[in-house]
Engineer: 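I have a structure I would like to understand better, so I am pasting it below and will then ask my questions one at a time.
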Protein chains: 2
Amino acid sequence: MNEKSKKSSETSIDYSLLPELLGYQLRLTQLAVFKDFSESVDDAQITPSLFAVLVVINANKDLKQTELAKAVRLDRSSVVSVIDKLEKRNLVIRKRVEGDRRTNALELTKQGRALLSQLTRRVKVHEQRLTENLTEREQATLIKLLGKILPDAR
Amino acid sequence: MNEKSKKSSETSIDYSLLPELLGYQLRLTQLAVFKDFSESVDDAQITPSLFAVLVVINANKDLKQTELAKAVRLDRSSVVSVIDKLEKRNLVIRKRVEGDRRTNALELTKQGRALLSQLTRRVKVHEQRLTENLTEREQATLIKLLGKILPDAR
DNA sequence: TATTGTTATACTCTATAACTATA
DNA sequence: TATAGTTATAGAGTATAACAATA
């Protein structure tokens with residue numbers, strides 16, 4: 001039927017069409033990257049997603065929760081629990097906003113900024129590990145090509 | 001401090017260093033791909049992960065659960081619930097194995113094979129959508145470059 | 001009326017640890 | 001003793017719907 005399929009045995013598995021699928025390769029890569037990220041920041045108990053939250057809060061003065069939700073593609077209610085968690089860890093505070101008592105202004109605490117700074121250094125090392133088999137040019141190509149996949153869905 | 005940062009305003013968010021990170025671009029791409037996959041197979045209630053399970057069972061006669069677990073990177077106990085679910089939907093059966101009564105041989109049912117065949121067609125359309133902005137050559141380059149990221153973690 | 005944040009709730013996915021039946 | 005599958009359980013992450021306060 002399919003000349004690319006290999007016969008299965010006790011030791012080797014036939015993945016059939018999966019290896020040809022971009023979606024599958026993307027998922028495998030992601031899994032490996034996620035694992036390496038976690039190991040890179042291990043004791044900090046931070047996921048890529050939480051790292052992004054810290055970066056975005058840090059870069060946007062008095063960010064509102066709804067803005068954060070949009071930026072990191074979470075529901076407003078999910079942001080509540082994310083911020084609850086970070087606030088309990090003394091990394092983020094919700095500040096009162098003058099002029100609109102419905103909204104909170106998010107801000108990193110001193111501890112949050114210190115952690116972010118440490119994480120940023122570790123993430124850069126992690127990124128170097130990701131790209132150690134790629135030339136500068138290949139890295140640029142890769143980012144460019146990724147950006148061409150479903151550009152309207154971002 | 002950082003000349004790449006843009007001032008935030010009501011309408012635009014500063015993502016700071018995130019866009020330069022390969023891990024971040026990979027995650028964004030993945031999110032978009034996952035969403036498009038789900039829409040492509042919508043009524044079938046199948047995730048990329050379940051699709052991979054069906055493909056691997058189909059391609060490997062009398063696959064054992066532990067082998068499947070290894071192939072799709074799940075714990076044995078997670079495979080139990082995955083197969084429970086697929087068995088309830090009459091897509092997969094656990095067959096008795098002569099000579100070793102501890103193990104099950106997994107097999108797609110007729111319904112499972114029919115669904116897989118339909119899914120495979122839809123996934124190919126989905127893949128075409130993913131790559132519609134890429135030349136053949138770019139597709140090959142992309143898969144090649146993805147394979148160079150943390151090759152030892154696979 | 002519309003928006004922001006919140007709560008209560010539930011669902012999916014996955015893992016760990018302990019168990020059973022077989023080998 | 002070791003292995004395959006199972007069960008009970010728990011945790012992370014996320015969403016939906018309804019609600020209160022405020023605009």
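Letters go in sequence order (proteins before strands), and every chain restarts at 1.
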Engineer: Using atom types as modelled and distance alone, determine if a side-chain donor or acceptor of B:Thr120 lies under 3.5 Å from a backbone N or O of B:Leu116.
Structural biologist: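 Yes, the answer is positive, given that a donor and an acceptor are paired below the 3.5 Å cut-off.
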Engineer: Please report the interatomic distance CG(A:Leu68) to CD1(B:Ile13), rounded to the nearest 0.5 Å.
Structural biologist: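 Answer for the CG-CD1 pair, A:Leu68 versus B:Ile13, is 7.5 Å.
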Engineer: Tell me, please, the opening and closing nucleotides of DNA chain C, 5' to 3', among those with an atom under 4.0 angstrom from a non-hydrogen atom of chain B.
Structural biologist: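 Contacts span C:dC13 to C:dA23, reading 5' to 3'.
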Engineer: Donor-acceptor check, side chain of B:Glu67 to backbone of B:Lys64, threshold 3.5 angstrom: yes or no?
Structural biologist: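 Judged by distance alone, yes, a pair lies under 3.5 Å.
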Engineer: Nearest 0.5 angstrom please: B:Glu127 CD to A:Leu17 CG, how far?
Structural biologist: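 It is 8.5 Å, given to the nearest 0.5 Å.
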Engineer: Check residues 44-59 of chain B and write down every donor-acceptor pair under 3.5 Å in which the side-chain atom is one partner and the other belongs to a residue at least two apart or another chain.
Structural biologist:
residue, atom, partner, partner atom, Å
B:Thr47, OG1, B:Leu50, N, 3.1

Engineer: How many angstroms lie between atom CZ of B:Arg129 and atom CG of A:Leu150, to the nearest 0.5 angstrom?
Structural biologist: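 If I round to the nearest 0.5 Å, the distance is 7.5 Å.
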Engineer: At what distance, to the nearest 0.5 angstrom, does CD of B:Glu138 lie from OG1 of B:Thr131?
Structural biologist: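 So the CD of B:Glu138 and the OG1 of B:Thr131 are separated by 10.5 Å.
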Engineer: Round to a whole Å and report the spacing from NZ of A:Lys85 to C1' of D:dG13.
Structural biologist: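 So the NZ-C1' distance, A:Lys85 to D:dG13, works out to 7 Å.
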Engineer: When all nucleic acid strands are considered with a 4.0 Å heavy-atom cut-off, which category describes A:Thr66: base, sugar-phosphate, or nothing?
Structural biologist: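 Sugar-phosphate: the residue A:Thr66, judged by heavy atoms under 4.0 Å, touches backbone atoms but no base.
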Engineer: Classify the ring geometry of B:Phe37 against B:His126: parallel below 30°, tilted from 30° to 60°, perpendicular beyond 60°.
Structural biologist: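 The rings of B:Phe37 and B:His126 stand perpendicular, inter-plane angle above 60°.
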Engineer: Just the table, please: protein N/O against nucleotides 6-8 of chain D N/O, every pair under 3.5 Å.
Structural biologist:
residue, atom, partner, partner atom, Å
D:dT6, OP1, B:Arg94, NE, 3.2
D:dT6, OP2, B:Gln65, OE1, 3.2
D:dT6, OP2, B:Gln65, NE2, 2.8
D:dT6, OP2, B:Arg94, NH2, 2.9

Engineer: Could you check which residues of residues 22-36 of chain A get a heavy atom under 4.0 Å from DNA chain D? Sort them by number, please.
Structural biologist: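 Correct list: empty, so none.
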Engineer: Counting only heavy atoms not in B:Glu136 (residues, nucleotides, ligands), do more than 12 fall under 6.0 Å from its CD?
Structural biologist: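 At most 12 heavy atoms, drawn from other residues, nucleotides or ligands, come within 6.0 Å of this atom.
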Engineer: Just how far is it from atom CG of A:Asn104 to atom CD1 of A:Ile83, taken to the nearest 0.5 Å?
Structural biologist: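 The distance works out to 9.0 Å.
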Engineer: Find the distance between NZ (A:Lys124) and OG (A:Ser40) and round it off to the nearest 0.5 Å.
Structural biologist: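 Between A:Lys124 NZ and A:Ser40 OG, I get 14.5 Å after rounding to 0.5 Å.
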Engineer: Run the side-chain donor-acceptor check on residues 91-99 of chain B: report pairs under 3.5 Å with partners two or more places apart or on a different chain.
Structural biologist:
residue, atom, partner, partner atom, Å
B:Arg94, NE, B:Gln65, OE1, 3.0
B:Arg94, NH1, B:Asp84, OD1, 3.0
B:Arg94, NH1, B:Glu87, OE1, 2.7
B:Arg94, NH2, B:Asp84, OD1, 3.1
B:Lys95, NZ, B:Asp62, OD1, 2.9
B:Lys95, NZ, B:Glu107, OE2, 2.9

Engineer: Are any side-chain N or O atoms of A:Arg113 and backbone N or O atoms of A:Leu108, one a donor and one an acceptor, separated by less than 3.5 Å?
Structural biologist: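 Present.
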Engineer: Could you list, one pair per line, each protein nitrogen or oxygen that sits under 3.5 Å from a nitrogen or oxygen of nucleotides 21-23 of chain D, together with the distance?
Structural biologist:
residue, atom, partner, partner atom, Å
D:dA23, OP1, A:Arg101, N, 2.7

